[in-house]
Amino acid sequence: MPGTDRCLKCSSCVRACPVVAEIGEMTFPGPRTVAVDAPRFGPSRVAIAEVAWLCSMCERCLEACPSRIGLPKAMLDMRASLFPNVRVRPGHERLLGNIDLYGLSIEPVRKVGGETMPKAKIAYFPGCIASQREVETMECSLGLLKAAGAEVEVPSGLVCCGSPLVKLGDERRCERLMDANLKILERYDQVVTSCPGCTVQLVEGYGLEALHITEFLTEVTGTKGMRFRPGSENIRLAVHHACHLSRGVGPHTKERTYELLSEVPGIELVSTGDETVCCGAGGSLLSGYPDVAGRMAARKVDSAIFCGAKIITAACPFCAMNLRRTGGIEVMELTQLISSRLRFPGQH
Amino acid sequence: MRELPAIETEVVVIGHGATGLFAAIELASTGHKVLLVGNGTPSSEMSTGCISFPEEETWWRGLGLDDGLMQDASDRVDQGIQKVLTVGPCTWEGTSEKRMALVTNLGTIIRTNYAPSTSSRHDVIAVRGAKVAALGFQGNKDLDPCLFHNMLRSETGVEASSSWTATLPAEPHRPHIEMNHGVRHSHDALSEELQGIDADLVMLPPFTQRGGHDRAWRDLEGVVGKRLCEVITPLSLPGRSLVDSFGRAALEAGARDLNGTHLEMIDLRDDDVIARCRSGLRRVQVRAAMMLFCGGNAVGGGLDILGRDVIDPLSFFDIRKGAAGSSNFDMASHSGIACDSYFRSVRKGTRMDKVLVAGAALPGLNFANGYGLGTCLTTALAACRAIEEAL
Ligand code: SF4
Ligand code: SF4
């Protein structure tokens, strides 16, 4: 599928890569070298193994490539071929340990999923981050889904979707997780997620027609059921388009995000010009190289502040978490932001 | 695969390079509902960004294009370009006289013949009479100022001052500074350095990313008070400012841009043309009365190199007639786009007159980029006229 024979050597991909922009070509030579050239005539596999996990899987290279070469996929193939023999980063080691111990990519602090409702046909798949770290995202998402009229529940017994393992190149562990989840999710008519990484994995890995919540709320239920508080004071808001949403799930989700935001009163959008640039969280970059991911996030936050934003929003709990790590600006995951403006029953 | 709600439009333009955008501007500003589908860096972004026309006035003869339409388009194209270039970073310098542009690669100079000055920031037109300097970034091999100095002297006799700076390497691993509207803030150190240079025009290595690129350069120019030019290198996209200008004009004219969505199949079984597209994990159908295909050299799956054949997809298309040859269409389908019912329609002797083609996808126009895009823009105008007649 990657079609690396079509490479024109135009370097558009290198130019578009946010990791190259952050740490330079000397440290990370970019998608063309790692994914296209290395497998055929590149440097030794040892040398490539040093840099192959620096990619954040943001798919900007795929978007830029005039030949539409599946660069991120080629990068994953490269990782998968190296994985069994490579000494993984400490962060990745912890991640793998957590998967083996808890079935989650992070250490769980709470139990998720309750009694099943006989009526619910829709499963909300929170993913590791929204169920254990960005818990408000899960709560707000469920609230919005219910407000929009969906019969939704969080099934118990779910484990990590396996996306981080695909990104690491560990196919064996991934299979195990997928089997466990699939048994549960098959019982529902529809799966809705908050995390774009999970959405992509559930669609591509599991073959489920999972929807991201931005799609579900605009294409399926509509927002009629949501009532907002009028006259709230204006917020100057910068938008971060999560890579796995705006490129992974599809560019239509950008329109969906703005559609949802346009429903919310009192929002003044601030254009930063780098809305679609990666925050550095994805592709196991945050677990493997937290310093690089932090610098990339700081740059986005810097630019939002520079443009006068007071809050930055992302329709992804993982991006929200990474952006928040910088401490520079208030970060609200999209459903959290929308919920904060909802009018609750009895409120006028 | 999930289908998104279908989108209806009057004309769907495939390709968001110079040709597609120019056609979208023309159609949208004459009141048509236009939808743009484009994906990947267009080849016009990788061109020099110069607009020029072949010496021969009727250069299209022999390419199988409609003579009347092309003549008409050729008469109007100058005016059209001038109108577009009032939007965005490029400016029309008001002359169709052929001039020398000096574009650079690692500091070497290439001569290009062109008319209006639209090349991103590479035309060192101001060289004559202006004080020129080149500033290289240590650790960044994209511009060697000493080489530039020598080349400029031998080509034009102009002496450029040249220097290296260690300013950027204060962030040593970041030759390409991330682009955003907050650029001033990240360029403080660089602008100080530039202010200290005694010149009217400074050549710099490329260091901004795609998206908001010209805004960064203009902001920096504003702070520094000098004209800044970016050298063309393997990492620069010299035609980008031009494409940015066109893109902005298309949006202003009212075209809707589905950027990032790409065409998978053209379906002609219906009365309408249906462009079956892919948006990430989902499919989306665009239903239109007509399609203008401006996929250039980078069609769908890209310029496919199979064995020794470089596939020039969709050749043998004609602006008036649509498809007229089968083997090339067959090849095109290998490179990413399938076309349902094509063979059926040809066998019956009918033509795909709902799909028109313009730009570098036309037979014989694959030289368009090297020639400076004028040819592509002319065919875009001709195709727009043909579409208006047909609608
Ligand atoms: S996916 Fe993103 S980070 Fe990875 S190589 Fe491509 S552009 Fe760079
Ligand atoms: S953008 Fe695509 S064609 Fe260009 S160098 Fe990268 S992989 Fe090759």
Side-chain angles (χ1 to χ4, degrees), chain A residues 3 5-18 20-28 59-60 62-69 199-200 203-204 209-211 215 219 245-255 271-277 296 299-300 302-307, chain B residues 1-2 4-5 17 39-43 45-46 139-141 171-186 206-212 215-216 233-237 258-262 278-284 296-306 335-336:
Chain A
D5 285 348
R6 294 198 304 263
C7 178
L8 313 167
K9 311 291 173 220
C10 69
S11 287
S12 295
C13 53
V14 185
R15 181 80 179 202
C17 175
V20 171
E22 187 58 53
I23 59 178
E25 262 186 291
M26 301 300 190
T27 318
F28 178 59
E59 299 191 11
R60 268 169 74 89
L62 172 65
E63 186 184 56
C65 177
S67 288
R68 221 186 143 68
I69 293 170
T199 321
V200 175
V203 173
E204 288 196 327
E209 288 257 302
L211 290 179
E215 293 177 298
E219 292 166 24
L245 189 61
S246 67
R247 283 177 286 271
V249 178
H252 60 280
T253 55
K254 288 185 273 187
E255 286 184 5
S271 140
T272 58
D274 63 357
E275 284 90 348
T276 59
V277 177
M296 287 166 70
R299 196 183 287 235
K300 294 224 60 164
D302 261 7
S303 116
I305 295 171
F306 183 86
C307 297
Chain B
M1 192 175 287
R2 184 182 160 80
L4 297 176
N39 180 278
T41 309
S43 48
E45 248 178 64
M46 296 178 221
N140 177 333
K141 52 191 182 326
E171 306 170 300
H173 304 302
R174 279 166 51 175
H176 309 286
I177 288 187
E178 179 53 79
M179 246 319 306
N180 56 49
H181 293 190
V183 67
R184 228 169 271 185
H185 152 89
S186 50
F207 61 99
T208 53
Q209 281 203 329
R210 191 162 179 246
R215 168 129 178 211
T233 78
L235 275 188
S236 65
L237 295 170
L258 289 190
N259 197 348
T261 307
H262 70 277
R278 180 81 176 261
S279 177
L281 298 174
R282 322 291 184 206
R283 290 224 154 95
V284 58
N297 290 318
V299 175
L303 186 73
D304 221 336
I305 303 172
L306 292 177
S335 67

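All values below were derived from every heavy atom in this structure, side-chain atoms included, with hydrogens, water molecules and symmetry-related copies excluded. Given the structure is predicted, the values throughout are model-derived calculations rather than measurements. Throughout, protein chains are lettered first and strands after them, A, B, ... in sequence-line order, and every chain is numbered starting at 1.
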Applying a strict 4.5 Å limit to non-hydrogen atoms, the region of A/E255 in contact with chain B is side chain

Mind checking side chain to side chain contact (heavy atoms under 4.5 Å, CB included) for B/L281 and listing every partner two or more places apart, or none if nothing turns up? A/V200, A/V203, A/E204, A/V249

Check each atom of A/L211 against the heavy atoms of chain B and say whether the ones under 4.5 Å are side chain, backbone, both or neither. both

Chain B: which of A/E209, A/K254, A/H252 shares the most heavy-atom pairs with it under 4.5 Å? A/H252

As an exercise: rank A/E59, A/M296, A/E215 by heavy-atom pairs under 4.5 Å with chain B and give me the winner. A/E215

Closest non-hydrogen atoms of A/I69 and A/C65, given as atom of the first, atom of the second and distance, are N-SG, 3.4 Å

What part of A/T199 gets within 4.5 angstrom of chain B, counting heavy atoms only: side chain, backbone, both, or neither? both

Contacts of type side chain to side chain contact (heavy atoms under 4.5 Å, CB included), residue B/V284, not counting sequence neighbours: B/L4, B/I7, B/T261, B/C277, B/S279

One thing to verify: whether A/E219 and B/R2 come together as a salt bridge, which I'm taking to mean a side-chain N less than 4.0 angstrom from a carboxylate O. yes

Return the minimal non-hydrogen interatomic distance between A/P251 and B/G280, and the atom names on each side. CD-N, 3.8 Å

